[in-house]
Protein chains: 2
Amino acid sequence: MQTHQTINPQSTFRALADPTRRDILLLLRAKDLSIAEVAGNFDMTRAAVKKHLRVLEEGRLISVTPQGRERINHLEPAALKAVSDWVSFFDEFWDARLTALSSAIAKDWNPE
Amino acid sequence: MQTHQTINPQSTFRALADPTRRDILLLLRAKDLSIAEVAGNFDMTRAAVKKHLRVLEEGRLISVTPQGRERINHLEPAALKAVSDWVSFFDEFWDARLTALSSAIAKDWNPE
DNA sequence: AACTTAAGAAACCTTTTGGTATTACGTCCT
DNA sequence: AGGACGTAATACCAAAAGGTTTCTTAAGTT
């Protein structure tokens, strides 16, 4: 069984509030990148990008691994699950079909 | 056919970044509320709550209808669709099963 | 008409945010 | 060893965010 740590989503929601940070996440889907590589995609200093990466790390949306003199930034999409779960509190209001669907699926997936 | 206005999600993400505003949305699931009624649920002044409601309105997450001297705040969950869509850019990374599922469903739902 | 209540508006304050520039440190390369 | 490179750390700044208080206006109530 997987111990699934329940974390409060505040830092994740906060991290997603900035468009630069959302773009960084989209970038990291393709591959892990160093700070300088991420910064190469934006019109701001490395220091500014590094701050954004820090916020993303606090929001558990990326992990950072030192590799030589570089820091490799890696996407951690699991944190988005918390956002998805929160949004799903409203599913019934904006698409009843989706709600019905996911409960039907859940039955198939959790036979125990 | 429904003309589906494509809006940029920045104001919506920004609105969701504050915990008080997320709580207000949860409140409004149950029923529409006036500003004073919303404020009754929080430990801050009405003026502060009104500011939060303004941000939620800018994020298209609520609509406000004058009714006598009151302003009725109504949940507009459609804006959450934009968030859900954005998060789904990462679906394949955190749960391949869900992705497979939703495409299977899409086929059933869009027979044309 | 007088009173109460709901909300709007503006001024103000403090903290956070998003950015800069500068300096220092560790790593890689020759 | 020396230089170039990637990052860390700090100080600094302007603007935005989140809150308060005060005043005004409009709508109900008695």
Side-chain angles (χ1 to χ4, degrees), chain A residues 8-28 30-76 79 83, chain B residues 8-28 30-76 79 83:
Chain A
N8 102 323
Q10 173 53 27
S11 58
T12 305
F13 274 106
R14 189 206 145 211
L16 293 179
D18 184 272
T20 299
R21 290 194 288 265
R22 291 198 303 278
D23 286 344
I24 290 175
L25 293 178
L26 291 174
L27 263 180
L28 291 178
K31 58 194 273 261
D32 295 352
L33 296 174
S34 69
I35 297 179
E37 285 172 326
V38 172
N41 291 273
F42 297 94
D43 191 23
M44 66 181 73
T45 63
R46 279 181 212 186
V49 169
K50 201 198 67 171
K51 282 192 185 181
H52 282 305
L53 290 168
R54 186 78 211 283
V55 176
L56 287 170
E57 197 181 2
E58 287 168 357
R60 303 166 212 86
L61 286 157
I62 66 171
S63 59
V64 184
T65 310
Q67 196 160 314
R69 61 180 162 179
E70 299 186 339
R71 299 300 176 98
I72 304 303
N73 299 277
H74 174 74
L75 181 67
E76 292 289 350
V83 175
Chain B
N8 102 323
Q10 173 54 27
S11 58
T12 305
F13 273 106
R14 190 204 146 214
L16 293 179
D18 185 272
T20 300
R21 289 194 290 264
R22 291 198 304 278
D23 285 345
I24 290 174
L25 292 178
L26 291 174
L27 262 181
L28 291 178
K31 58 194 272 263
D32 297 352
L33 296 174
S34 68
I35 297 179
E37 285 171 328
V38 172
N41 291 273
F42 297 93
D43 191 23
M44 66 183 72
T45 62
R46 278 179 214 187
V49 169
K50 200 198 67 173
K51 282 191 184 181
H52 282 305
L53 290 169
R54 186 76 210 284
V55 176
L56 287 170
E57 196 180 2
E58 287 167 357
R60 303 167 212 83
L61 287 157
I62 65 170
S63 59
V64 184
T65 310
Q67 195 160 313
R69 62 179 163 179
E70 299 187 338
R71 298 300 176 98
I72 303 304
N73 299 276
H74 173 74
L75 180 66
E76 291 289 349
V83 175

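Below, all heavy atoms of this structure are taken into account, side chains as well, without hydrogens, waters or symmetry copies. These numbers were taken from a predicted model, which means no experiment stands behind them.
- B/R46 has a side-chain polar atom (N or O) that falls below the 4.0 Å cut-off from OP1 or OP2 of C/dA6.
- The shortest heavy-atom contact between B/G59 and B/A79 is O-CB, 3.6 Å.
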Any protein N or O atoms within reach of nucleotides 24-28 of chain C? Criterion: under 3.5 Å, listing atom names and distances.
residue: C/dT27; atom: O2; partner: A/R69; partner atom: NH1; Å: 3.3

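- Using a 3.5 Å distance cut-off with no hydrogens or angles, the side chains of B/S11 and B/R60 do pair a donor with an acceptor.
- Going from atom CD of A/E37 over to atom CG of A/D32 covers 9.5 Å, rounded to the nearest 0.5 Å.
- Whole-Å rounding puts the A/I24 CD1 to C/dG19 C1' distance at 13 Å.
- Look at CD on A/E70: it is 18 Å from P on D/dA4, rounded to the nearest Å.
- Annotation: the span from A/R21 atom CZ to A/L27 atom CG amounts to 15.0 Å, rounded to 0.5 Å.
- Smallest separation of non-hydrogen atoms from B/H52 and B/I24: CB-CD1, 4.0 Å.
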Protein and nucleotides 15-19 of chain D: nitrogen or oxygen contacts under 3.5 angstrom:
residue: D/dA17; atom: OP1; partner: B/R14; partner atom: NE; Å: 3.1
residue: D/dA17; atom: OP1; partner: B/R14; partner atom: NH2; Å: 3.4
residue: D/dG18; atom: OP1; partner: B/D18; partner atom: OD2; Å: 3.4
residue: D/dG18; atom: OP2; partner: B/R21; partner atom: NH1; Å: 3.1
residue: D/dG19; atom: OP2; partner: B/H52; partner atom: NE2; Å: 2.2
residue: D/dG19; atom: N7; partner: B/K51; partner atom: NZ; Å: 3.0
residue: D/dG19; atom: O6; partner: B/K51; partner atom: NZ; Å: 2.2

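- Pairing each heavy atom of B/L61 with each of B/A15, the nearest pair is CD1-CB, 3.8 Å.
- The nearest whole Å value for the distance from the CD1 atom in A/I35 to the P atom in D/dC5 is 17 Å.
- Counting heavy atoms from C-beta outward, B/V38 and B/I35 have side chains that stay 4.5 Å or more apart.
- When each of B/R71 and A/A47 is assigned the nucleotide of DNA chain C bearing its nearest heavy atom, the one mapping closer to the 5' terminus is B/R71.
- Atom pair A/R54:CZ and C/dT17:P shows a separation of 12 Å (rounding to whole Å applied).
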